[in-house]
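In this chain, numbering begins with 1 at the start of the sequence shown.
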Amino acid sequence: HDSNIFLQNKDERSETITAVSPGVELKFGQRSRAGGRLSYEVAFTDYANDAGPSAWLGKGGAEFRYDNGRTTLDAVATYQQLEQGTRDTASVAGNALLRRTVTAVDVSGETALTAKSSIESGVKLDWTRYRRPGLVGGSNLTVPVKVYLAVTPKLAVSTGFAFDKFAPQGLGEGSQGAFYNVGLRGNLTEKLGSNFSVGYRTRDFARGLSEGFWGFDGSFDYQATAKTSMTLGLSRDFLSSASGESLRSSSYSLGFATTPTLHWQFAGGISYRLIDYGPRVFVAMPGVLLDGGREDSYQDYNLSATYIVNSWMRLTTAWTQRRNRSNDAAFDFTSNVFSILVGFQF
């Protein structure tokens, strides 16, 4: 049940949603150097108050991993059809749900150079396509390269470079950029782990504009007890909006997961995001481009509890609250989502 399904600041509309999602998963190579899995599911979604049309939404994934002790190779591909409102589209969708397709491919490999050093590289691609004309999805390409040097048996420092390219959906011009960074990977203490990079990000536009700022990306994991873990996620990066603006986004999240008994699992988290809207550069629009001046702060709170009935059945109940606050009050909204999931696996 969503208390504000269209994420509007007035005339909020609630909706009760029912989804039935059959799927299949195939795992292979679990005890060999190479292994992975394939999965696909289809969700039939129905809206009690007709907020959106009933629809079949597909979701698929593929994973592959190879490890011979010196070289590792990881590949992940995902595909998902979505029909929902998001913070990024609430200002342009109005009282409508937006259909979009998100596809992503992430391939990375790492090999040892010496006993204490290694090099990692890969390619990341993702595509977002909106069915509604006038909305700006696009494709992102990232090519990262990192060199790691071990300073202790469990901790390594890194230096790296990443090339980024964004091509918007439609007739707009794109951008390219870079991330020059240093970082840490491994255990800082017995219970605290890190995979974090900080450095300088740049973004150059086809129209001759350019931007740059200090950015960061990564996480810190803390194993509080044998059954409880916490994760702090941090990111400051360039993004794009569904209206075609260039965004500066700073995200901070803190989550926990605990399994106090064999039958119960609990999880929750808080996330906070600051978004600065820049010029609308990713659309076919002549003339002088000005900074939009819009600034948003977005908060997300979530809690969930799962009861594992047996090896093939589980029950989950969850609550999420989403809040957006902007210097333009027209973009403010609050939404509460309560959900119950009954899952079967054979």
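Contact record, P279 with L209: CG-CD1, 4.4 Å, taken as the closest heavy-atom pair. Of all non-hydrogen atoms in S246 and E211, the two that sit nearest each other are OG-OE1, 3.2 Å. S243 and V136 get closest at one heavy-atom pair: C-CG2, 4.1 Å. The shortest heavy-atom contact between R132 and A96 is NH1-CB, 4.5 Å. The shortest non-hydrogen separation linking S175 to R203 is OG-NE, 3.4 Å. Contact between Y272 and Q299 at its shortest, heavy atoms only, is CE1-NE2, 3.4 Å.
R65 has a carboxylate O that lies under 4.0 Å from a charged side-chain N of D74, or vice versa, which qualifies the two as a salt bridge.
Side-chain contact annotation: S235 with S251, donor-acceptor N/O pair under 3.5 Å absent. Residues E83 and T45 have side chains that never bring a donor and an acceptor to within less than 3.5 angstrom of each other. Counted by atom type alone, T334 and N4 present zero donor-acceptor pairs between their side chains at under 3.5 Å. Using modelled atom types, one finds a donor on one side chain and an acceptor on the other under 3.5 Å when comparing T231 with D221. Counted by atom type alone, D332 and N9 present zero donor-acceptor pairs between their side chains at under 3.5 Å. T258 and T228 share a donor-acceptor pair across their side chains, judged by distance under 3.5 Å alone. No side-chain donor from either of T101 and R129 sits under 3.5 Å from a side-chain acceptor of the other.
Geometrically, R201 engages F179 in a cation-pi contact defined by less than 6.0 Å to the ring centre and at most 45° from the axis. Seen from the ring of F331, R294 counts as a face-on cation partner, given the 6.0 Å and 45° thresholds.
Looking at N68, its side chain does come within 3.5 Å of a backbone N or O of R70 through a donor-acceptor pair. A donor-acceptor pair under 3.5 Å links the side-chain atoms of E15 to the main chain of N49, judged by distance alone. Side-chain atoms of E41 never come within 3.5 Å of backbone atoms of G23 as a donor-acceptor pair (strictly under, hydrogens ignored). A donor-acceptor pair is defined here as one N or O able to donate and one able to accept, closer than 3.5 Å; no such pair exists between the side chain of R280 and the backbone of G244. A donor-acceptor pair is defined here as one N or O able to donate and one able to accept, closer than 3.5 Å; no such pair exists between the side chain of R322 and the backbone of L7.
Screening R325, R273, R87 for a side-chain hydrogen bond (donor to acceptor under 3.5 Å, both in side chains) with D296, the sole residue that qualifies is R87. The residue from F282, F205, F213 that alone fulfils the ring-ring contact (aromatic ring centres under 6.0 Å, His included) condition with F238 is F213.
The local environment of CZ in R131 is sparse, with at most 12 non-hydrogen atoms from other residues, nucleotides or ligands closer than 6.0 Å. The 12-atom threshold is not exceeded at CD1 of I340, counting heavy atoms of other residues, nucleotides or ligands nearer than 6.0 Å.
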Legend entry - Verdict with supporting geometry, N140 and L125, side chain to side chain contact (heavy atoms under 4.5 Å, CB included): CA-CA 6 Å; N140 290 282; L125 285 165; over 6 Å; no
Inset, instruction - Just do the side chain to side chain contact (heavy atoms under 4.5 Å, CB included) check on N187 and L155 with the steps written out, would you? - result: CA-CA 6 Å; N187 293 338; L155 181 66; 5.9 Å; no
Inset, instruction - Walk me through it: do L254 and M230 pass the test side chain to side chain contact (heavy atoms under 4.5 Å, CB included)? - result: CA-CA 7 Å; L254 179 63; M230 303 179 68; 4.2 Å; yes
Legend entry - Pair Q169-L135, side chain to side chain contact (heavy atoms under 4.5 Å, CB included): steps then yes or no: CA-CA 8 Å; Q169 178 182 359; L135 295 183; 5.9 Å; no
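Side-chain contact between Y277 and L247 is present, with heavy atoms from C-beta onward closer than 4.5 Å. Taking the side chain as every heavy atom from C-beta outward, P260 and K227 never approach each other to under 4.5 Å. Within the 4.5 Å cutoff, side-chain heavy atoms of L234 are placed close to those of F220. Between T111 and I119, some side-chain heavy-atom pair lies under the 4.5 Å cut-off. Contact annotation: the side chain of R185 never approaches that of S158 to less than 4.5 Å [non-hydrogen atoms, C-beta and beyond]. Side-chain atoms of Q8 and F333, non-hydrogen and from C-beta on, never get closer than 4.5 Å to each other. Considering only heavy atoms from C-beta on, L97 comes within 4.5 Å of I5 through its side chain. In this structure the side chain of V42 never reaches within 4.5 angstrom of the side chain of F44, judged on heavy atoms.
Atoms CZ and CG, on F266 and L303 in that order, are 10.5 Å from each other to the nearest 0.5 Å. Separation of atoms CZ (F216) and OG (S197) is listed at 12.0 Å; rounding is to 0.5 Å. The CG atom of L141 lies 8.0 Å from the CG atom of D164; values are rounded to the nearest 0.5 Å. Here OG1 of T142 is found 9.0 Å from CG of D106. Values are rounded to the nearest 0.5 Å. We find the CG-CG distance between L315 and L341 to be 8.0 Å, quoted to the nearest 0.5 Å. Expressed to the nearest 0.5 Å, how far NZ of K165 lies from CD of Q176 amounts to 6.5 Å.
Hydrophobic clustering of Ile, Leu, Val, Met, Phe, Trp and Tyr side chains at less than 4.5 Å, counting indirect connections, keeps Y298 apart from Y301. Cluster membership for Y40 and L38, using ILVMFWY side-chain heavy atoms within less than 4.5 angstrom, is not shared. Under the 4.5 Å side-chain heavy-atom criterion for ILVMFWY residues, a single connected hydrophobic cluster contains both F6 and Y47. With hydrophobic clusters built from ILVMFWY side chains whose heavy atoms lie under 4.5 angstrom apart, F166 does not share a cluster with V102. V145 is not connected to Y180 by any chain of hydrophobic side-chain contacts under 4.5 Å among Ile, Leu, Val, Met, Phe, Trp and Tyr, and they are in different clusters.
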